[in-house]
Amino acid sequence: MSLIVAFNSEVYQATSQQRLSYPAYYNIKVGFNADEAHNIVKECIDGVLGGEDYNQNNINQWTASIVEQSLTHLVKLGKAYKYIVTCAVVQRSAYGFHTASSCFWDTTSDGTCTVRWENRTMNCIVNVFAIAIVL
Amino acid sequence: MGAGPPRRALRGRGARRAVAPPLGRVGATMEEYHRHCDEVGFNADEAHNIVKECIDGVLGGEDYNQNNINQWTASIVEQSLTHLVKLGKAYKYIVTCAVVQRSAYGFHTASSCFWDTTSDGTCTVRWENRTMNCIVNVFAIAIVL
(Lines give C-alpha, C1' and ligand atoms only; values in the text may rest on other atoms or scores of the structure.)
Protein backbone atom coordinates (compact mmCIF):
# COMPACT_ATOMS: atom_id res chain seq x y z
CA MET A 1 0.00 0.00 0.00
CA SER A 2 1.40 3.36 -0.88
CA LEU A 3 -0.37 6.07 1.05
CA ILE A 4 1.06 9.50 1.63
CA VAL A 5 -0.78 12.29 3.39
CA ALA A 6 0.62 15.69 4.19
CA PHE A 7 0.57 17.26 7.62
CA ASN A 8 -1.59 20.38 7.80
CA SER A 9 -2.33 20.21 4.10
CA GLU A 10 -4.73 18.63 1.68
CA VAL A 11 -5.20 14.90 1.77
CA TYR A 12 -3.78 13.27 -1.31
CA GLN A 13 -5.67 10.54 -3.04
CA ALA A 14 -5.01 7.17 -1.52
CA THR A 15 -3.87 4.42 -3.84
CA SER A 16 -5.17 1.72 -1.59
CA GLN A 17 -8.71 0.44 -1.58
CA GLN A 18 -8.74 0.01 2.18
CA ARG A 19 -10.72 2.42 4.28
CA LEU A 20 -8.58 4.70 6.40
CA SER A 21 -8.78 3.65 10.00
CA TYR A 22 -7.15 6.78 11.42
CA PRO A 23 -7.70 10.50 10.88
CA ALA A 24 -6.43 11.40 7.46
CA TYR A 25 -4.58 14.49 8.59
CA TYR A 26 -1.98 12.55 10.58
CA ASN A 27 1.44 12.45 8.98
CA ILE A 28 2.29 8.81 8.61
CA LYS A 29 5.55 9.22 6.76
CA VAL A 30 8.21 7.63 8.92
CA GLY A 31 11.57 9.29 9.14
CA PHE A 32 13.02 12.45 7.77
CA ASN A 33 11.83 13.76 4.40
CA ALA A 34 15.11 14.45 2.67
CA ASP A 35 13.57 15.61 -0.62
CA GLU A 36 11.54 18.29 1.06
CA ALA A 37 14.58 19.55 2.94
CA HIS A 38 16.62 19.46 -0.27
CA ASN A 39 14.14 21.71 -2.04
CA ILE A 40 13.94 24.12 0.87
CA VAL A 41 17.69 24.48 1.14
CA LYS A 42 18.23 24.78 -2.59
CA GLU A 43 15.78 27.64 -2.78
CA CYS A 44 17.53 29.41 0.09
CA ILE A 45 20.92 29.10 -1.59
CA ASP A 46 19.57 30.29 -4.93
CA GLY A 47 18.03 33.26 -3.22
CA VAL A 48 21.23 34.27 -1.44
CA LEU A 49 24.00 33.32 -3.85
CA GLY A 50 22.20 33.28 -7.18
CA GLY A 51 23.87 35.63 -9.63
CA GLU A 52 26.61 36.62 -7.18
CA ASP A 53 30.35 36.20 -7.54
CA TYR A 54 32.67 35.30 -4.69
CA ASN A 55 33.19 38.43 -2.60
CA GLN A 56 35.21 38.33 0.58
CA ASN A 57 33.33 41.28 2.03
CA ASN A 58 29.94 39.65 1.77
CA ILE A 59 30.72 36.01 2.29
CA ASN A 60 30.15 36.01 6.04
CA GLN A 61 26.76 37.58 5.60
CA TRP A 62 25.84 35.13 2.85
CA THR A 63 26.73 32.00 4.79
CA ALA A 64 24.87 33.29 7.82
CA SER A 65 21.82 34.07 5.70
CA ILE A 66 21.83 30.64 4.11
CA VAL A 67 21.88 28.74 7.40
CA GLU A 68 19.40 31.01 9.11
CA GLN A 69 16.87 31.02 6.28
CA SER A 70 17.16 27.27 5.77
CA LEU A 71 16.68 26.65 9.46
CA THR A 72 13.67 28.96 9.64
CA HIS A 73 11.95 27.24 6.75
CA LEU A 74 12.68 23.78 8.11
CA VAL A 75 11.27 24.68 11.51
CA LYS A 76 8.18 26.09 9.82
CA LEU A 77 7.39 22.59 8.56
CA GLY A 78 6.16 22.01 12.07
CA LYS A 79 7.63 18.54 12.52
CA ALA A 80 8.99 17.30 15.84
CA TYR A 81 12.64 17.53 14.84
CA LYS A 82 15.76 19.27 16.04
CA TYR A 83 17.78 20.62 13.12
CA ILE A 84 21.45 21.32 12.51
CA VAL A 85 22.32 23.19 9.33
CA THR A 86 25.94 23.68 8.25
CA CYS A 87 27.11 25.56 5.19
CA ALA A 88 30.57 25.67 3.60
CA VAL A 89 31.41 28.05 0.75
CA VAL A 90 34.67 27.65 -1.12
CA GLN A 91 36.07 29.80 -3.84
CA ARG A 92 36.47 27.76 -7.01
CA SER A 93 40.06 26.94 -7.62
CA ALA A 94 42.35 24.09 -8.55
CA TYR A 95 42.88 23.35 -4.86
CA GLY A 96 41.24 20.43 -3.11
CA PHE A 97 38.33 20.56 -0.71
CA HIS A 98 36.97 17.47 1.04
CA THR A 99 34.27 17.00 3.63
CA ALA A 100 33.09 13.96 5.57
CA SER A 101 30.54 13.37 8.28
CA SER A 102 29.60 10.54 10.58
CA CYS A 103 26.55 10.28 12.82
CA PHE A 104 25.58 8.25 15.87
CA TRP A 105 21.79 8.37 16.08
CA ASP A 106 18.55 6.50 15.60
CA THR A 107 18.55 5.48 11.97
CA THR A 108 14.79 4.93 11.85
CA SER A 109 13.80 8.44 12.85
CA ASP A 110 16.79 10.70 12.19
CA GLY A 111 18.15 11.71 8.82
CA THR A 112 20.38 13.96 6.80
CA CYS A 113 20.36 15.81 3.52
CA THR A 114 23.26 17.37 1.61
CA VAL A 115 22.85 20.04 -1.05
CA ARG A 116 25.72 20.89 -3.42
CA TRP A 117 25.48 24.11 -5.35
CA GLU A 118 27.95 25.84 -7.57
CA ASN A 119 28.37 28.70 -9.94
CA ARG A 120 31.23 30.15 -11.87
CA THR A 121 33.20 31.42 -8.87
CA MET A 122 32.23 29.36 -5.84
CA ASN A 123 31.08 26.01 -4.51
CA CYS A 124 28.56 25.72 -1.71
CA ILE A 125 27.78 22.64 0.37
CA VAL A 126 24.93 22.66 2.86
CA ASN A 127 24.31 19.78 5.28
CA VAL A 128 21.03 19.37 7.13
CA PHE A 129 20.88 16.95 10.07
CA ALA A 130 17.48 16.22 11.61
CA ILE A 131 17.12 14.51 14.99
CA ALA A 132 13.67 13.37 16.04
CA ILE A 133 12.30 14.72 19.29
CA VAL A 134 10.90 11.86 21.33
CA LEU A 135 7.91 13.15 23.20
CA MET B 1 28.76 10.76 46.14
CA GLY B 2 32.44 11.66 46.17
CA ALA B 3 34.42 13.45 43.51
CA GLY B 4 35.98 10.24 42.25
CA PRO B 5 39.27 10.00 40.39
CA PRO B 6 40.24 12.97 38.22
CA ARG B 7 38.74 12.78 34.78
CA ARG B 8 40.99 12.36 31.77
CA ALA B 9 40.02 12.44 28.13
CA LEU B 10 40.20 9.09 26.32
CA ARG B 11 40.18 7.05 29.47
CA GLY B 12 40.28 3.38 28.79
CA ARG B 13 41.55 3.59 25.27
CA GLY B 14 43.54 0.40 25.03
CA ALA B 15 44.63 0.71 28.66
CA ARG B 16 44.80 -2.23 31.01
CA ARG B 17 43.84 -1.62 34.59
CA ALA B 18 45.29 -3.56 37.49
CA VAL B 19 42.16 -3.17 39.59
CA ALA B 20 38.55 -2.86 38.60
CA PRO B 21 37.60 0.77 38.06
CA PRO B 22 35.43 2.45 40.66
CA LEU B 23 31.86 3.12 39.70
CA GLY B 24 32.36 5.93 37.24
CA ARG B 25 32.27 6.79 33.62
CA VAL B 26 34.28 3.86 32.29
CA GLY B 27 33.09 0.27 32.45
CA ALA B 28 29.69 1.07 33.96
CA THR B 29 26.28 0.62 32.43
CA MET B 30 24.22 3.42 30.93
CA GLU B 31 21.99 3.58 34.01
CA GLU B 32 24.98 3.95 36.29
CA TYR B 33 26.40 6.69 34.09
CA HIS B 34 23.14 8.53 34.23
CA ARG B 35 22.85 8.23 37.99
CA HIS B 36 26.33 9.46 38.75
CA CYS B 37 26.60 12.08 36.06
CA ASP B 38 26.86 15.38 37.83
CA GLU B 39 27.46 17.67 34.92
CA VAL B 40 24.69 19.33 32.97
CA GLY B 41 24.98 19.72 29.25
CA PHE B 42 27.64 18.83 26.79
CA ASN B 43 31.30 18.92 27.84
CA ALA B 44 32.86 20.78 24.97
CA ASP B 45 36.41 20.72 26.36
CA GLU B 46 36.44 16.98 26.60
CA ALA B 47 35.17 16.65 23.04
CA HIS B 48 37.72 19.20 21.87
CA ASN B 49 40.57 17.14 23.29
CA ILE B 50 39.25 13.92 21.86
CA VAL B 51 38.89 15.33 18.37
CA LYS B 52 42.22 17.11 18.42
CA GLU B 53 44.01 13.90 19.29
CA CYS B 54 42.23 12.10 16.46
CA ILE B 55 43.25 14.73 13.93
CA ASP B 56 46.83 14.76 15.15
CA GLY B 57 46.93 11.02 14.83
CA VAL B 58 45.63 11.00 11.26
CA LEU B 59 47.03 14.18 9.70
CA GLY B 60 50.04 14.88 11.90
CA GLY B 61 53.16 15.10 9.80
CA GLU B 62 51.31 14.56 6.51
CA ASP B 63 51.10 16.86 3.52
CA TYR B 64 47.99 17.31 1.41
CA ASN B 65 47.70 14.29 -0.85
CA GLN B 66 44.73 13.86 -3.11
CA ASN B 67 45.07 10.08 -3.12
CA ASN B 68 44.76 9.77 0.65
CA ILE B 69 42.44 12.60 1.55
CA ASN B 70 39.24 10.56 1.36
CA GLN B 71 40.68 7.98 3.68
CA TRP B 72 41.94 10.62 6.09
CA THR B 73 38.64 12.46 6.42
CA ALA B 74 36.80 9.19 6.90
CA SER B 75 39.29 8.12 9.58
CA ILE B 76 38.97 11.40 11.42
CA VAL B 77 35.20 11.31 11.65
CA GLU B 78 35.01 7.63 12.48
CA GLN B 79 37.67 7.69 15.17
CA SER B 80 36.26 10.85 16.73
CA LEU B 81 32.79 9.37 16.77
CA THR B 82 34.02 6.12 18.29
CA HIS B 83 35.80 7.90 21.11
CA LEU B 84 32.86 10.18 21.80
CA VAL B 85 30.48 7.26 22.01
CA LYS B 86 32.89 5.48 24.36
CA LEU B 87 32.35 8.29 26.87
CA GLY B 88 29.11 6.51 27.55
CA LYS B 89 26.92 9.60 27.80
CA ALA B 90 23.32 9.61 26.63
CA TYR B 91 23.98 11.67 23.51
CA LYS B 92 23.55 11.32 19.80
CA TYR B 93 26.58 12.67 17.94
CA ILE B 94 27.15 14.22 14.53
CA VAL B 95 30.77 14.73 13.49
CA THR B 96 31.64 16.62 10.29
CA CYS B 97 35.11 17.22 8.96
CA ALA B 98 36.26 19.56 6.17
CA VAL B 99 39.83 19.54 4.86
CA VAL B 100 40.98 22.29 2.53
CA GLN B 101 44.29 22.63 0.83
CA ARG B 102 46.01 25.80 1.97
CA SER B 103 45.85 28.46 -0.67
CA ALA B 104 45.10 32.11 -1.19
CA TYR B 105 41.48 31.19 -1.93
CA GLY B 106 38.68 31.75 0.52
CA PHE B 107 36.87 29.12 2.57
CA HIS B 108 33.97 29.93 4.87
CA THR B 109 31.70 27.76 6.97
CA ALA B 110 28.65 28.55 9.07
CA SER B 111 26.21 26.47 11.08
CA SER B 112 22.91 27.07 12.80
CA CYS B 113 21.08 24.74 15.17
CA PHE B 114 17.53 24.36 16.39
CA TRP B 115 17.69 22.33 19.59
CA ASP B 116 17.46 22.34 23.35
CA THR B 117 20.13 24.78 24.48
CA THR B 118 20.27 23.40 28.00
CA SER B 119 21.22 19.86 27.09
CA ASP B 120 22.63 19.95 23.55
CA GLY B 121 25.93 21.43 22.51
CA THR B 122 28.60 21.77 19.89
CA CYS B 123 32.36 21.93 19.62
CA THR B 124 34.53 23.07 16.72
CA VAL B 125 38.18 22.15 16.31
CA ARG B 126 40.38 24.02 13.85
CA TRP B 127 43.67 22.40 12.92
CA GLU B 128 46.25 23.36 10.36
CA ASN B 129 49.66 22.56 9.11
CA ARG B 130 51.81 23.76 6.28
CA THR B 131 49.68 22.37 3.47
CA MET B 132 46.11 22.04 4.73
CA ASN B 133 43.42 23.33 7.02
CA CYS B 134 41.04 21.00 8.85
CA ILE B 135 37.80 21.96 10.58
CA VAL B 136 35.89 19.38 12.60
CA ASN B 137 32.45 20.11 14.05
CA VAL B 138 30.91 17.96 16.76
CA PHE B 139 27.19 18.30 17.48
CA ALA B 140 25.77 16.46 20.50
CA ILE B 141 22.03 15.99 21.00
CA ALA B 142 20.83 14.68 24.33
CA ILE B 143 18.81 11.48 24.34
CA VAL B 144 15.80 11.94 26.57
CA LEU B 145 15.20 8.63 28.30
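Convention: sequence-line order gives letters A, B, ...; per-chain numbering from 1.
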Practice task
Check step by step if side chain to side chain contact (heavy atoms under 4.5 Å, CB included) holds for A:V134 and B:V144.
Solution key: CA-CA 7 Å; A:V134 181; B:V144 181; 5.7 Å; no
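- In the hydrophobic clustering of this structure, B:I141 does not group with B:V138; members are Ile, Leu, Val, Met, Phe, Trp, Tyr whose side-chain heavy atoms approach within less than 4.5 Å, directly or through other members.
- The candidate with the highest count of non-hydrogen atom pairs below 4.5 Å against chain A, out of B:T122, B:V95, B:V100, is B:V95.
- For the atom pair CG (A:N58) and NE2 (B:H108), the distance works out to 10.5 Å, reported to the nearest 0.5 Å.
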Handout entry: From CA spacing to verdict: side chain to side chain contact (heavy atoms under 4.5 Å, CB included), B:Y105, A:M122
Key = CA-CA 10 Å; B:Y105 292 89; A:M122 45 188 174; over 6 Å; no
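- The candidate from B:Q66, B:R102, B:Q101 with the greatest count of non-hydrogen atom pairs under 4.5 Å with chain A is B:Q101.
- To the nearest 0.5 Å, atoms OG1 (A:T99) and CD1 (B:I135) are separated by 11.5 Å.
- No path of Ile, Leu, Val, Met, Phe, Trp and Tyr side chains, each step under 4.5 Å between heavy atoms, connects A:W105 with B:L81, placing them in separate hydrophobic clusters.
- Contacts of A:I84 with chain B are made by both backbone and side-chain atoms, with heavy-atom separations under 4.5 Å.
- In plain terms, the two heavy atoms of A:A100 and B:T73 that are nearest each other are CB-CB, 3.7 Å.
- The contact between B:V99 and chain A is made by backbone and side chain atoms together, counting heavy-atom distances below 4.5 Å.
- Heavy-atom distances place the side chain of A:V75, and not its backbone, under 4.5 Å from chain B.
- Salt-bridge check for A:D106 with B:K92: failed, with every basic side-chain N at 4.0 Å or more from each acidic carboxylate O.
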Problem - Candidate pair B:T96 and A:F129, rule side chain to side chain contact (heavy atoms under 4.5 Å, CB included), full reasoning - result: CA-CA 11 Å; B:T96 67; A:F129 302 99; 3.6 Å; yes
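- A:F97 and B:Y64 make their closest contact through N-OH, 4.1 Å (heavy atoms, listed as atom of the first residue, atom of the second, distance).
- When hydrophobic clusters are built by joining Ile, Leu, Val, Met, Phe, Trp and Tyr residues whose side-chain heavy atoms come closer than 4.5 Å, directly or via intermediates, A:Y81 is grouped together with A:V126.
- Interface summary for chain A: among B:S112, B:S111, B:A104, the most heavy-atom pairs under 4.5 angstrom belong to B:S112.
- The hydrophobic clustering, which links ILVMFWY residues whose side-chain heavy atoms are closer than 4.5 Å, places A:V41 and B:F114 together.
- Across A:G96, A:A88, A:S93, the residue that shares the most heavy-atom pairs under 4.5 angstrom with chain B is A:G96.
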